[in-house]
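Below, all heavy atoms of this structure are taken into account, side chains as well, without hydrogens, waters or symmetry copies. Treat the numbers as computed from the prediction; the structure is a model and nothing was measured.
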Amino acid sequence: MLPDVPEWQNPEGDWTHGLEAFSKYNQDAHLMETSVRLFLEECDSFQGLQVTNDSSTFGSFTRSFLTAFQDELSHASTLTIPMLSDALPNQSESTTPLHMKKTINDALYLRDLHELSLLNVPIQSSKKWSSIPGTSLDLDGSLYHSSALLSAHVETFTLPLRLSDSKENLQNFAAELFWPGPRFGQLSGIFPAQLGSSFTRLEKSVNFSSGAFKVSNAPCFGCKNVTRGLTIPYIEEYNTWISTLTSSVGYKDAVITSAHLPAYPLPSSFPDFFQDTSILRSRIQNKPRSRTVSSPGEVPCVTSMSSLSSTSETANFFAAYAKYVDRCIERRKSGEQVSGIDEPDVLKELANDLWTMHDGYGIDADSSLGADDGIEDDD
């Protein structure tokens, strides 16, 4: 637990505040020698650390923690899922002070994750997601709904890492996705899957990472699909779809792996946003459930698919932030205050690092982004 922030202070997008907060906390708690060490001693076979945080408030705090973690355990791997702010690099309000702070804050955190974490899966604000088929989700403000959906996908795509009989570990999990070196992936999926129609239609999949940075037919480097609850006929349909997909131009050289696992069991706290009322029928009817579940029918379950992929589309993601930082540098030259950052060298270094990360995905920014940076404007 961290001390409450004073009412007069807004830490959102404040990079310095997070750094100072971690420094003060670590001085008092000695985090690596106490809490983290105790958790590690509980592990029978420690393969890595999974971190989820919002970047707007806790980006710099988590960056400081990951730095301390890597200093102490340099050979340990980290899977990081940063929840980005609702500020995109090209919006109508992109010159407002708060928007600039949040955008620069996101850019700084993403840049540092490239060095600190083995595998990174940035998630756009739920306000930037497209509509979710088969649901009545309110994406404009319901954290209860959006976090439930997201947790189901995160739990699903990481499930192969936690199975006792699985040969997967975080190192080879990432290696299959990210050749020859990029460390950022995209999360997409279908939840719930409408099995009455064609489950494997690609247009049903919602991408939670690319959002407005999406590019049509972007080459894919690697893809890991995890399905939940597919019957044998639908697995055969899935395999047919994969065969068709790998013959397309964008997936010609991609390494695609798949895992077919039991349906996703809905916890009792899961919100009822399903258009298919039969999914939660047993709960609605207040049917008693055994504490020891012997069959899937005793607990409401959902058929779904979650995918983690590495594509050249991610280059657009970094190019958009790099161009935004470049524009901030130009504004600063004209005497305008930029995001509370006084050192011009910090912004220049950030822009250069983002362009270097962009180059790792092997496409040309100008040809892919166009004049409008390839990002949809809210207006």
Side-chain angles (χ1 to χ4, degrees), residues 50 52-56 81-86 88 121-159 162 185-212 214 225-231 234 238 259-289 293 295-309 376 378:
Q50 180 177 323
T52 303
N53 72 285
D54 80 283
S55 65
S56 184
I81 306 172
M83 315 292 291
L84 301 179
S85 72
D86 58 357
L88 291 178
V121 188
I123 304 296
Q124 297 292 332
S125 167
S126 61
K127 297 178 182 179
K128 311 302 178 184
W129 298 351
S130 57
S131 60
I132 313 298
T135 72
S136 56
L137 259 74
D138 174 16
L139 299 179
D140 289 332
S142 176
L143 292 178
Y144 176 38
H145 286 187
S146 58
S147 62
L149 177 69
L150 186 60
S151 68
H153 281 297
V154 171
E155 195 275 341
T156 293
F157 91 77
T158 58
L159 184 55
R162 299 189 301 277
Q186 298 184 5
L187 175 63
S188 59
I190 307 170
F191 185 98
Q194 303 294 316
L195 293 183
S197 58
S198 176
F199 166 72
T200 53
R201 285 166 52 193
L202 185 60
E203 61 266 22
K204 284 191 174 183
S205 182
V206 176
N207 193 311
F208 302 96
S209 298
S210 66
K214 190 171 180 60
N225 296 330
V226 180
T227 68
R228 306 293 294 266
L230 290 193
T231 59
Y234 283 107
Y238 168 88
H260 303 293
L261 303 174
Y264 178 79
L266 297 173
S268 59
S269 60
F270 207 90
D272 182 7
F273 51 57
F274 302 104
Q275 293 177 355
D276 182 357
T277 57
S278 66
I279 292 176
L280 292 176
R281 183 171 298 162
S282 62
R283 186 183 300 169
I284 294 172
Q285 295 175 350
N286 293 319
K287 290 184 177 179
R289 291 185 292 159
V293 178
S295 66
E298 295 186 23
V299 173
C301 296
V302 169
T303 303
S304 64
M305 181 179 77
S306 300
S307 300
L308 187 62
S309 61
E376 298 171 1
D378 276 1

Would you please name every residue forming a side chain to side chain contact (heavy atoms under 4.5 Å, CB included) with [X], sequence neighbours left out?
| X | answer |
| --- | --- |
| S125 | D86, K127, K128 |
| A263 | C301 |
| S56 | E12, D54, S85, K102 |

Side chain to side chain, [X] and [Y], heavy atoms closer than 4.5 Å:
| X | Y | result |
| --- | --- | --- |
| Y264 | E155 | yes |
| L280 | F273 | no |
| V302 | F270 | no |
| V299 | L266 | no |
| M305 | L230 | no |
| I190 | S307 | no |

Fill in the blank from the handout: With sequence neighbours left out, the residues meeting side-chain hydrogen bond (donor to acceptor under 3.5 Å, both in side chains) with T158 are R162
Handout entry: Residues in side-chain hydrogen bond (donor to acceptor under 3.5 Å, both in side chains) contact with H260, at least two apart in sequence or another chain
Key = T227
Fill in the blank from the handout: Sequence neighbours excluded, the answer for ring pair (Phe, Tyr, Trp, His ring centres under 6.0 Å) partners of F157 is none
